[in-house]
Asks: 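Sharing a structure with you now.
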Amino acid sequence: MTSSMVQWFEKEEKSLGLQRKQSVIGEDLERVPSVSATDGQKNSLRQEEFRAGGLNLIAVYDATNSTKERRESIAQKCKENNIQTMFIESLCDDEHIIMQNIKEVKMTSPDYVDKDPYQSCQDFIKRIDHYKRIYETVDLSENLSYVKLINVGAQVQMNNIRGYLQSRIVYFLMNLNINPSHIYFSRHGESQFNVLGRIGGDAHLSPQGVLYSQKLPFKLKELIQEHTPPNMEQNVTVWISTLKRTAETAANLPFPKMMWKQLDEINAGVCDGLTYEEIEERFPEEFNDRDGDKYSYRYKSGESYADLVERLEPVIMELERHNDPQHVIFIIGHQAVLRCIYAYFLNYSHAELPYLKIPLHTVIRLTPKAYGCVEERFKINVPAVNTYRAKGGKHGEAMSPQRSTIAEGLPASH
Ligand SMILES: O=P(O)(O)OC[C@H]1O[C@@](CO)(OP(=O)(O)O)[C@@H](O)[C@@H]1O
């Protein structure tokens, strides 16, 4: 019986979006849809294109592929088109996981939108019975590359897994979990460099930033209490970067802290410590190049957003692995770093990612679900400069003495 397959595939796609080193598994998108024609049911084919070098492509064929015969036919078709295949099977015989899965995953699936939950549940149980009767598990006789996850990764079997991309997929699948949990994050409090409109560096907090660090513990506790059972001790770990502004922001939080070098802000290389105006003046071509393709642009002697995404992979894996609903992870990070994490969970494209709005003095709560991710923002009412710079535009209010108070449409807390 298959379980959570759609979920696995969707998460897999997202993960691969973070990865730019794929081997080429298909170079001609036009050919791939012919594979889906082998299945008369409502199987869908979703394709994700990766532009590390222009040609790397991966296609995710999301379907039950329940018989050996069908899998053979898919593998054969792909082979004829020079496409490497890898099958992922999720087996589950743990009743508790199955019921939880039906409740939390299937009932939020697009298949059951606007349907009666009881009837949807019955319908899904019928589907499971159907698959129990006809499903043929993947095995060695098929001579395929495959990964078999048993009871949500309690056991993992694999066959013929080769090369960089396939090993990365296995690594990713082994770290997934289906327990609902919350992730909190915030940028550090306003820094002295933020006030001056300077990027990068390792500045201390401004007086407003210090005020934010003092109000933060109250807000965080209040938010966590919303989903923690009464009298339950708050179990929180705070992740910070190695830069002073994050440690100073975390200073008043009475929770264990974990320092990650990976959470350091994007390395602006020769532009570190400059304002956007100074960069434009000293490095006009570089400045334009960054505006042209902000995701791929790499600062001289520094990093690009694409580099940052790779650097953050262990952080993302830890977040994916995190499966204790009573334990909260609170990340105090930076504008570029938090854009990457946020884009991963909310599925933003490479083009959108570097322009996402992650304002200062705002706590963001993410609750990943099987189909999407719920996002809530809580502005703490300590005025801060606006460090946002739109494409081709000017730096936010950072260059002016004005401070924004409450971001549009957000609840303010005191
Ligand atoms: O990629 P852009 O939009 O320039 O934003 C990243 C910049 O944000 C800043 C602030 O301008 O981050 P932060 O203060 O959160 O550490 C800079 O240090 C960093 O270079």
Side-chain angles (χ1 to χ4, degrees), residues 185-206 208-210 212-213 216 239-250 259-280 282-283 286-309 311-312 331-343 348 350-364 382 384-400 403-404 407:
F185 60 82
S186 161
R187 277 173 74 189
H188 52 79
E190 181 190 79
S191 74
Q192 293 172 0
F193 260 30
N194 291 150
V195 177
L196 298 170
R198 301 200 174 276
I199 66 163
D202 192 12
H204 288 287
L205 295 184
S206 72
Q208 294 298 110
V210 172
Y212 179 70
S213 76
L216 190 56
W239 293 0
I240 55 174
S241 75
T242 67
L243 299 169
K244 287 201 274 284
R245 52 194 186 276
T246 62
E248 289 174 11
T249 308
M259 196 182 261
W260 288 77
K261 179 80 184 141
Q262 281 91 340
L263 285 175
D264 282 2
E265 182 55 313
I266 191 168
N267 179 350
V270 296
C271 298
D272 190 67
L274 302 180
T275 64
Y276 290 120
E277 286 77 1
E278 286 168 346
I279 301 172
E280 188 172 19
R282 293 192 206 172
F283 307 103
E286 299 276 317
F287 192 77
N288 277 338
D289 286 353
R290 190 165 199 250
D291 261 353
D293 182 356
K294 195 174 172 191
Y295 183 80
S296 307
Y297 170 83
R298 179 178 286 140
Y299 279 111
K300 251 188 195 156
S301 310
E303 288 177 303
S304 62
Y305 269 90
D307 293 332
L308 194 53
V309 153
R311 159 146 74 82
L312 284 166
I331 306 174
I332 300 182
H334 302 267
Q335 180 159 243
V337 160
L338 294 180
R339 278 175 178 154
C340 297
I341 296 174
Y342 179 88
Y348 280 98
H350 292 173
E352 293 166 308
L353 184 157
Y355 294 101
L356 294 170
K357 291 194 175 168
I358 311 285
L360 287 166
H361 299 184
T362 307
V363 176
I364 299 181
V382 177
V385 292
N386 177 3
T387 60
Y388 187 82
R389 183 182 173 273
K391 191 173 177 142
K394 291 276 169 218
H395 199 190
E397 272 100 50
M399 301 310 294
S400 84
R403 284 196 159 98
S404 63

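These numbers come from the heavy atoms of this one structure, side chains and all, not from hydrogens, waters or symmetry mates. Counting convention: from 1, in listed order, for ligands and their atoms alike.
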Asks: Please work out whether the ring planes of Y342 and F185 are parallel, tilted or perpendicular, with thresholds of 30° and 60°.
Replies: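 Ring orientation, 0 to 90° scale: perpendicular.
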Asks: For residues E286 and Y297, is any side-chain donor paired with an opposing acceptor at under 3.5 Å?
Replies: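 There is such a pair between these side chains.
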Asks: State the atoms of ligand 1, each with its element, that fall below the 4.0 Å cut-off from a heavy-atom position in R290.
Replies: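 Matching atoms, with element in brackets: 1 (O), 2 (P), 4 (O).
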Asks: Nearest heavy atom to atom 13 (P) of ligand 1 wins, so pick from H188, K391, R339.
Replies: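 Heavy atom nearest to atom 13 (P) of ligand 1 belongs to H188.
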Asks: Centre of Y305's six-membered ring, under 6.0 Å away, within 45 degrees of the axis: is that where NZ or CZ of K294 sits?
Replies: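 Geometry flag: not set, cation outside 6.0 Å or 45°.
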Asks: Applying a 4.0 Å heavy-atom criterion (strictly less than), which segment of Y305 is in contact with ligand 1: side chain, backbone, both, or neither?
Replies: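 The part of Y305 near ligand 1 is the side chain, not the backbone.
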Asks: May I ask you to check if ligand 1 and T387 share an N or O to N or O distance below 3.5 Å?
Replies: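 Checking ligand 1 against T387, no N or O pair falls under 3.5 Å apart.
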Asks: Just jot down the ligand 1 atoms closer than 4.0 angstrom to any heavy atom of N194, in number order.
Replies: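 The list of qualifying atoms is 10 (C), 14 (O).
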Asks: Per the side chain to side chain contact (heavy atoms under 4.5 Å, CB included) rule, which among V270, N288, D289 passes with F283?
Replies: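 When side chain to side chain contact (heavy atoms under 4.5 Å, CB included) is applied between F283 and each of V270, N288, D289, only V270 qualifies.
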Asks: Would you compute the distance between atom CG of D202 and atom NZ of K244 and round it to the nearest 0.5 angstrom?
Replies: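 NZ of K244 is found 4.0 Å from CG of D202.
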Asks: Using side-chain hydrogen bond (donor to acceptor under 3.5 Å, both in side chains) as the criterion, list what pairs up with S304, not counting sequence neighbours.
Replies: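 S304 satisfies side-chain hydrogen bond (donor to acceptor under 3.5 Å, both in side chains) with D307 once adjacent residues are dropped.
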Asks: Under 4.0 Å from ligand 1, counting heavy atoms only, is it the side chain of R187, its backbone, both or neither?
Replies: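 Looking at R187 and ligand 1, just side chain atoms fall under 4.0 Å.
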Asks: Is the closest side-chain donor-acceptor distance between H204 and E248 under 3.5 Å?
Replies: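 A donor-acceptor contact under 3.5 Å links the two side chains.
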Asks: Given that the side chain starts at C-beta and the backbone is N, CA, C, O, which of these parts of Q335 lies under 4.0 Å from ligand 1, counting heavy atoms, or is it both or neither?
Replies: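 It is both parts that get close, each with some atom under 4.0 Å.
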Asks: By the definition side chain to side chain contact (heavy atoms under 4.5 Å, CB included), identify the one residue from L312, T242, I240 that meets it with L263.
Replies: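 The option that passes is L312.
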Asks: Taking atom 9 (C) of ligand 1 as the point of reference, which of E265, K294, R245, E303 owns the nearest heavy atom?
Replies: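 It is E265 that holds the nearest heavy atom.
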Asks: Which atoms from ligand 1 have a heavy atom of G200 less than 4.0 Å away?
Replies: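 Near G200, meaning under 4.0 Å from one of its heavy atoms, ligand 1 has 17 (C), 18 (O), 20 (O).
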Asks: Does only the side chain of F193 get under 4.0 Å from ligand 1, or the backbone, or both, or neither? Count heavy atoms.
Replies: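 No part of F193 is near ligand 1 at this cut-off.
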Asks: When you look for heavy atoms under 4.0 Å from ligand 1, do you find them on the side chain of L243, its backbone, both, or neither?
Replies: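 Neither part.
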